[in-house]
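Keep in mind it's a predicted model, so treat the numbers as computed, not measured. The analysis underlying the following values was restricted to heavy atoms, covering all of them including side chains, and did not include hydrogens, waters or symmetry mates.
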Amino acid sequence: MEYLPNDCFDVILDKGLFDTFLCSDTNNTDIHTYILEMLRILKSNGKLIIISHGSLESGRIEFVKNTLINSESEWEHEVEHKQICKLDI
């Protein structure tokens, strides 16, 4: 996504792309590259919201945390998990 400038989005909403990367044979590399690219195009106070089908126990959040720990980003990152319960209709 080199065509997008650095620091251009306040919010990025991912609903499914993160889970798609998890299905690939190269998921560690794919997710690492994806998160770093999102950090590049997010403003320093921006938010990346990932909506995932997986539970906290699935380990998905660890992919994000590991990438952030190893990133060279100049700003602090906070990872927060919120579970949204399915409504019975």
Side-chain angles (χ1 to χ4, degrees):
M1 286 199 283
E2 300 81 30
Y3 53 88
L4 293 173
N6 295 345
D7 307 316
C8 63
F9 291 102
D10 294 309
V11 176
I12 297 173
L13 177 63
D14 170 344
K15 186 178 181 310
L17 185 58
F18 183 80
D19 287 345
T20 301
F21 285 136
L22 286 172
C23 296
S24 77
D25 293 336
T26 57
N27 58 14
N28 283 327
T29 303
D30 295 342
I31 290 172
H32 180 79
T33 302
Y34 165 69
I35 296 294
L36 291 179
E37 187 64 8
M38 296 304 102
L39 292 177
R40 183 186 73 75
I41 62 176
L42 270 175
K43 292 181 180 178
S44 62
N45 60 346
K47 305 285 184 204
L48 170 59
I49 301 170
I50 300 174
I51 299 173
S52 175
H53 179 70
S55 66
L56 183 60
E57 295 78 22
S58 70
R60 283 168 163 75
I61 200 165
E62 296 307 316
F63 280 96
V64 177
K65 287 181 179 178
N66 289 337
T67 299
L68 294 176
I69 289 169
N70 296 317
S71 76
E72 296 179 6
S73 179
E74 298 175 2
W75 50 279
E76 284 191 32
H77 307 95
E78 181 179 323
V79 177
E80 184 176 339
H81 172 266
K82 293 188 178 186
Q83 184 171 349
I84 302 171
C85 298
K86 183 176 178 181
L87 296 175
D88 292 326
I89 298 177

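- Contact of the Glu37 side chain with the Leu4 side chain is not registered, since no non-hydrogen atoms from C-beta on lie closer than 4.5 Å.
- Contact annotation: the side chain of Leu36 approaches that of Leu39 to within less than 4.5 Å [non-hydrogen atoms, C-beta and beyond].
- Applying the salt bridge (Lys or Arg N to Asp or Glu O under 4.0 Å) criterion to Asp10, with sequence neighbours excluded, gives Lys43.
- Shown here for Pro5 and Ile41, the closest heavy-atom pair between the two residues is O-CG2, 3.8 Å.
- The distance from the NZ atom of Lys47 to the CG atom of Leu13 is 14.0 Å, given to the nearest 0.5 Å.
- For the side-chain hydrogen bond (donor to acceptor under 3.5 Å, both in side chains) test, residues two or more places apart in sequence or in another chain that qualify with Ser24 are Asp30.
- With hydrophobic clusters built from ILVMFWY side chains whose heavy atoms lie under 4.5 angstrom apart, Val11 does not share a cluster with Leu17.
- Closest approach of Asn27 to Phe21, counting heavy atoms only: CB-O, 3.1 Å.
- His53 NE2 to Asp19 CG: the interatomic distance, rounded to the nearest 0.5 Å, is 8.0 Å.
- Linking ILVMFWY residues whenever their side-chain heavy atoms come closer than 4.5 Å, directly or via other members, places Leu42 and Tyr3 in the same cluster.
- Summarising the geometry of Asp14 relative to Phe18, their closest heavy-atom pair is OD2-N, 3.0 Å, with the distance given to 0.1 Å.
- Scored by the side-chain hydrogen bond (donor to acceptor under 3.5 Å, both in side chains) test, Asp25 finds no partners at all (sequence neighbours excluded).
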